[in-house]
Amino acid sequence: QSQRVREREVAESAQAARRATQEVEGRIVSLEALQRAALGQGQGRVVDWLESRGLARNPRLAQQLSVDSGWERAVETVLGAYLEAVCIDSIDDVAGLLESLSSGTVTFFAAGQGPAGTGYGQETLRARVQGPAGLDPLFEGIIATDGLADALAIRPRLRAGQSVITREGIWIGPDWLRVSRDRDVHEGVIEREHALRGQRAELGQQQSRQRALEDELAALRATIQDTEDRIAAEQVELSRVGADHMSARSQLDGLRARAEQRNARMQQLATELAELEAAL
């Protein structure tokens, strides 16, 4: 009974774990669909061309980045279409393939994984980005600051080639300012990639928990089956012993009845003997 109670508890937990796993898988599927669309990984001539060249499964640059919380919009503003860049080992690997691309636009990005945001001045935007070392030229001279007032205060001190960008993506140079209030196709790409990584990690944990519960449930069911088999065998033995017991009881009752009859006969004989002795 204790094992059956535990089996019900584990079965309910395993079912809940399966539901949780399915929910996480659903969220991942939705996020991946949005991310593929944002990174140009949907249907199209460029995607077909990449597929034919064995490059469609290569990660996009946005998938190689890790950005400090709150700075995603600034990084998306600076990188723009580079977020869709197909990561490769070397430009030389694809240079000879370009003639076969008849239409469309594609960007390739070649660089090894650089240090995790080290070796850069803490005031730079690059210091807030972990990713390939090849990003350095794209962030060259870009200072990061929290708000517009700080950025405007820094602007007079900017040298040629320098710029400053705020958390919300307002980008200012010595004699220019760029701001976009329209919804960009790349907006939320980095944050969504972070969310995907978190969901995939959670999926791994949920799957491990589900497997552990299912293994425990299978072990419990095997134990219960073994116990039930033993109970069935013992019930057969109990029935046999019970039959033997009933037979022995029946024999005992017969012996007791005969003993009582003999005792009565003995008492009768004793009485008759006493009468005979008296008569003698």
Side-chain angles (χ1 to χ4, degrees), residues 25 27-67 71-117 120 124-126 128-142 161 163 165 169-171 173 176-200:
E25 288 173 340
R27 290 196 293 269
I28 289 175
V29 169
S30 298
L31 288 170
E32 285 178 339
L34 292 172
Q35 197 73 328
R36 281 195 299 272
L39 295 179
Q41 294 175 304
Q43 298 297 319
R45 291 184 178 179
V46 171
V47 174
D48 293 340
W49 181 82
L50 289 172
E51 185 73 40
S52 67
R53 298 300 183 270
L55 298 171
R57 296 186 180 277
N58 285 35
R60 300 302 175 100
L61 180 58
Q63 297 171 321
Q64 303 291 91
L65 303 180
S66 181
V67 179
W71 290 95
E72 295 87 356
R73 181 65 183 273
V75 173
E76 289 166 358
T77 298
V78 170
L79 293 181
Y82 278 103
L83 291 166
E84 299 182 24
V86 180
C87 294
I88 55 175
D89 294 329
S90 171
I91 295 297
D92 295 334
D93 295 340
V94 298
L97 305 175
L98 299 181
E99 290 184 1
S100 61
L101 180 63
S102 58
S103 62
T105 301
V106 62
T107 303
F108 292 100
F109 191 89
Q113 184 70 23
Y120 311 106
T124 65
L125 183 60
R126 181 66 177 93
R128 292 162 171 79
V129 182
Q130 299 174 21
L135 289 170
D136 293 354
L138 301 179
F139 289 98
E140 182 70 29
I142 301 178
S163 59
I165 193 167
I170 300 176
W171 198 2
W176 55 269
L177 182 151
R178 177 184 173 188
V179 59
S180 176
R181 300 302 186 190
D182 293 332
R183 183 170 181 81
D184 187 83
V185 67
H186 300 117
E187 184 179 346
V189 164
I190 295 175
E191 188 173 357
R192 191 181 302 117
E193 188 62 33
H194 288 179
L196 269 169
R197 292 170 190 167
Q199 290 295 310
R200 286 170 182 145

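Quick note: numbers below take in every heavy atom, side chains included, and nothing from hydrogens, waters or symmetry partners.
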Please assess F108 against L61 for the test side-chain contact (heavy atoms from CB on, under 4.5 Å), listing each intermediate value before the final yes or no.
CA-CA 9 Å; F108 292 100; L61 180 58; over 6 Å; no

Donor-acceptor under 3.5 Å (H194 side chain, V67 main chain):
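At least one qualifying donor-acceptor pair exists.
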
Without swapping roles, check the side chain of R60 against the backbone of A85 for a donor-acceptor pair under 3.5 Å.
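Checked: no pair found.
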
Identify the residue among R192, R200, R197 that makes a salt bridge (charged side-chain N to carboxylate O under 4.0 Å, His left out) with E32.
R200

Any non-hydrogen side-chain atom of [X] less than 4.5 Å from a side-chain atom of [Y]?
| X | Y | result |
| --- | --- | --- |
| C87 | N58 | no |
| L135 | F109 | yes |
| Q35 | V189 | yes |
| P59 | V86 | no |
| R53 | V94 | no |
| R73 | E191 | no |

Test F139 against every option in T124, V78, I165 by the side-chain contact (heavy atoms from CB on, under 4.5 Å) rule and name the one that passes.
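When side-chain contact (heavy atoms from CB on, under 4.5 Å) is applied between F139 and each of T124, V78, I165, only V78 qualifies.
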
From [atom1] ([X]) to [atom2] ([Y]), nearest 0.5 Å:
| X | Y | atom1 | atom2 | result |
| --- | --- | --- | --- | --- |
| T107 | L79 | OG1 | CG | 11.5 Å |
| R128 | S66 | CZ | OG | 14.0 Å |
| L98 | S100 | CG | OG | 7.5 Å |
| L83 | E193 | CG | CD | 10.5 Å |

Can you tell me if T77 and R178 form a side-chain donor-acceptor pair at under 3.5 Å?
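Distance-only check fails for T77 and R178.
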
Would you indicate whether Y82, at its atom OH, is surrounded by more than 12 heavy atoms from other residues, nucleotides or ligands within a distance under 6.0 Å?
no

Is E25 atom CD crowded by more than 12 heavy atoms from other residues, nucleotides or ligands, each under 6.0 Å away?
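Yes.
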
Minimal non-hydrogen separation, [X] against [Y], with atom names:
| X | Y | result |
| --- | --- | --- |
| D89 | D93 | CB-OD2, 3.9 Å |
| L65 | G131 | CD2-CA, 4.4 Å |
| E76 | I190 | OE2-N, 3.1 Å |

Mind running side-chain contact (heavy atoms from CB on, under 4.5 Å) on D136 and R126 for me, showing each step along the way?
CA-CA 7 Å; D136 293 354; R126 181 66 177 93; 2.8 Å; yes

side-chain contact (heavy atoms from CB on, under 4.5 Å) between V129 and W71, worked out:
CA-CA 9 Å; V129 182; W71 290 95; over 6 Å; no

